[in-house]
Amino acid sequence: MARQWSEGHFTSILCVGASAGPGGLLASGSEGGEVTVWSQEGTIIGRVALPGEEDSTSVVFSPAAPGQLYVSHGDTVSVLDPRNLRGPVEEFQGAGEEEINALALNETGSALAVADDSGAVRVLELPAGKVCRTLRRHTNICSSVAFRPHRPNNLVSAGLDMQVMLWGLQKTRPIWMLNLQDLAEDEGDQQQRPGQLFNPPLAHCVSVASCGNILACAAEDGRVHLMRIGSGSKLEQQGAVKAHSQGASQAHFVSLPSHPYWLVTGGNDGQVALWDLSKHPVVAPEGNAKSGVTAGQRRKGKNKTKKKEQSQDKAKTAPKAEAEKEEAEVEDEAAAAAAAAAAEDVTEERSGPKLSISHGDKVNWLCPAVLKGEQCVVVADQSCSLTVYPLSHL
């Protein structure tokens, strides 16, 4: 049975975050800079309006220090004490080059990644908040960022340029890039669900499974694109789940120890779905031996000359020779992943979601959380209230 958490906001809720631990708090941010902290029962612990009244776009609790809550608003990140919401304890002004869309903390709480409208990803050292890396390769808004579990120096970014990128913080260029638009064109998928439009795969939200090797990216084409990272951080395989009849806005791994590949998704179609990806060929390639083809195997037959020509047009900011080399490398990875996708799409149609909820309103944010020992998903939509759906009966 769904539960409503209300009276915490006066404006539409844009983001939700949950702290770790059995007694962990939840936080939500909304338009106009509102931030509300909730107990596990849905009781309001505190509420504050941040300076400047700019939208609160992302809220994350520190995994190392539950008493620290990071909130993005405008180009600023504010650090709050969730049990004493009297205003920011600290502010990192100019943390983003432009308006910040998403925050992510690594497992140790020592690094904060900031994705903004300029397309840049900045990495801040904590607790000082000093910018130690600025990662530039997205050509449009960077909408989402996530660190890889067990690999605190690796992070994934996704943007409205339809690109998903894996970064190693030792360098300022991506390890690989995946162009979701190229994949859609290569697949030649003309089959359409009723009411579904041919939307470009703008990437809205990226999540990493607890193993650190499986990525999920919700995109405007209604799909959740899946990627497996192999040895040497190479992109090993790619596939997709046709999750929503309109744009998929959210995708988050639930990360239960017993179900590490459960994924909850939400979309503009007002649907919330829970997927068990444990048998998907991207997650379990050994179960798809006949049709599973790795990116490495496909790469041998690719025409690299064509890709190098494309890369010359795209290289704008780096020196010419360096740019041609880098772009050729990452474009080869994207082409290889596109070639691998065709075999995987056959399998994705065979099984639907484990649970489908007609929420009824466009989903702004999803947050898996354990509330009083029960696995739930917290949904933020266009309204001023949160909706909590239990998943424990599955």
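Side-chain atoms of Y261 and H280 include no donor-acceptor pair closer than 3.5 Å. Side-chain contact, S110 with T108: a donor N or O sits under 3.5 Å from an acceptor N or O. Residues Q382 and S12 bring no donor and acceptor atom of their side chains to less than 3.5 Å of each other. No side-chain N or O of T57 forms a donor-acceptor pair with one of H73 less than 3.5 Å apart. Side-chain contact annotation: T36 with S28, donor-acceptor N/O pair under 3.5 Å absent. Looking at W5 and S385, their side chains never bring a donor and an acceptor atom within 3.5 Å of each other. Checked by atom type, the side-chain pair H204/E220 shows a donor-acceptor distance below 3.5 Å. Side chains of S39 and E41: a donor-acceptor N/O pair is present below 3.5 angstrom, by distance only. Side-chain contact check for S358 and Q271: at least one donor-acceptor pair (N or O, by modelled atom type) lies under 3.5 Å. Donor-acceptor pairing under 3.5 Å is lacking for the side chains of N106 and R151. Between the side chains of H244 and T265, at least one donor N or O lies within less than 3.5 Å of an accepting N or O. Between the side chains of D116 and N101, no donor-acceptor pair of N or O atoms lies under 3.5 Å.
Using a 30° and 60° split on the angle between ring planes, W38 and H9 fall in the tilted class, from 30° to 60°. Under the 30°/60° scheme for interplanar angles, the aromatic rings of H359 and Y389 are found to stand perpendicular.
Note on E97 versus R122: salt bridge recorded, some NZ/NE/NH1/NH2 to OD/OE distance being below 4.0 Å. Using a 4.0 Å cut-off between charged side-chain N and carboxylate O, R228 and E236 make a salt bridge.
Counting heavy-atom neighbours within 6.0 Å of R3 CZ, excluding the residue itself, gives a total above 12. Residue-environment remark: CD (E7) stays at or below the threshold of 12 foreign heavy atoms within 6.0 Å.
In this structure, V378 and L366 have side chains that are not in contact, with every pair of non-hydrogen atoms separated by 4.5 Å or more.
The minimum heavy-atom distance linking S278 with A284 is given by the pair O-CB, 3.3 Å.
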